[in-house]
Amino acid sequence: MDLLDLQEIRVHFPLDRGILGRAGGIVRAVDGVTLGVGAGEAVGLVGESGCGKTTLGRAILRLVPLTSGKVLFEGTDLAVLSPRALRPWRRKFQMIFQDPFSSLNPRLTVGESIAEALEIHRLVAGGAERGKRVRELLESVGLRAEHATRFPHEFSGGQRQRIGIARALSVEPRLIVCDEPVSALDVSVQAQVINLLQDLQKARGLSLLFISHDLAVVEHLCARVAVMYLGRLVETGPARVVAREPMHPYTQALLSAVPVVDPDTRRNRIVLQGDVPSPLNPPAGCPFHPRCPRVEARCRGEVPPLRDLGNGRQVACHLAP
Ligand code: SF4
């Protein structure tokens, strides 16, 4: 059994009527996603901005309401729990946000920010234990104990993300949803934070759902990857295998945009035409068909299901073997 088992998750946002009284419609941000994350496993969720990956991450943590589906965590459906019943579960799953600065209270010192979660969940008996735990957490993410008395604005972006990670770790979660945690950082700092997450994941047996637009980063960090387009999964599988032999035309296009360091490896860039269609009015048939370089007649009328191809791979394309 997976630690986290998402079943047919839908997050739809109804729009209000406009001033002319026209029906507002429904934004299908997430439209039937089924995905599991095993204990101690890192799974990457990849796609362009607007594909619904951040909304899915927030729905898991109940930060946005679910329209339908199950969020099974250790076998319990979190989607149906009352806010009170959900409270004891909250420490088991945490989130790291894209913008580390806005996720930290500027009026609290770093030590107070980290201690807040320890106190809410009554994880420390008193001040001495709290201080010791804060120091340990700071050191576990590569910061120093004396950083506890400083304020967030005194740190660089990479250091703030380390503080965010320390705060997430403070409640000893089993799962961390990482929402584009390095995309706002310099490239040199990105690698340090990715390596830190990898070390922590291995040392603590953490499960990660790593949301990113960057397939190369996901391949480095994650055992499995799920590719999302317009609210749906279009390809899933072992990250290395998918990165080497992507089967869905959308994954192939994403991968073709990743720079290659080895001069002997050549990759033909696939430039997708047009923008991602609006989730308010998704195309009929395959949602990718208006941009797909391999589109056929049936793609315009038939939705390709996410089919199991064996060896842990699933693809939603009529042309997949
Ligand atoms: Fe392209 Fe058709 Fe496959 Fe969709 S089903 S990805 S349009 S080939």
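As a basis for the values below, the full set of heavy atoms in this structure was taken, side chains included, without hydrogen atoms, waters or symmetry mates. We count ligands from 1, going down the list as the structure has it; atoms in each ligand are counted the same way.
Annotation for Arg240: atom CZ does not count as buried by contact number, only 12 or fewer foreign heavy atoms lying within 6.0 Å.
The Leu319 neighbourhood of ligand 1 comprises atoms 8 (S), with distances under 4.0 Å to a heavy atom of that residue. Set against the non-hydrogen atoms of His248, the atoms of ligand 1 under 4.0 Å away are 6 (S). The distance from ligand 1 to the heavy atoms of Cys292 drops below 4.0 Å at these ligand atoms: 1 (Fe), 6 (S), 7 (S), 8 (S).
Taking the six-membered ring where tryptophan is involved, the planes of His153 and Phe151 are essentially parallel, since the angle between them stays under 30° and well short of 60°. Using a 30° and 60° split on the angle between ring planes, Phe155 and His147 fall in the perpendicular class, above 60°.
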Verdict with supporting geometry, Glu41 and Ser207, side chain to side chain donor-acceptor pair (under 3.5 Å): CA-CA 5 Å; Glu41 186 184 33; Ser207 301; over 6 Å; no
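Inspection of the Asp179 and Thr54 side chains reveals an N or O donor paired with an N or O acceptor under 3.5 Å.
Ranking protein heavy atoms by distance to atom 4 (Fe) of ligand 1, first place goes to Cys286 SG, 2.4 Å. Counting only heavy atoms of the protein, atom 5 (S) of ligand 1 lies nearest to His318 N, 3.4 Å. When hydrogens are left out, the protein atom nearest atom 3 (Fe) of ligand 1 is Cys317 SG, 2.3 Å; that is the closest non-hydrogen contact.
A salt bridge links Glu119 with Arg130; the closest basic N to acidic carboxylate O contact falls under 4.0 Å.
Using a 4.0 Å cutoff on heavy atoms, Glu296 does not count as a contact of ligand 1.
The nearest N, O or S atom of Cys299 is closer to atom 2 (Fe) of ligand 1 than 2.8 Å.
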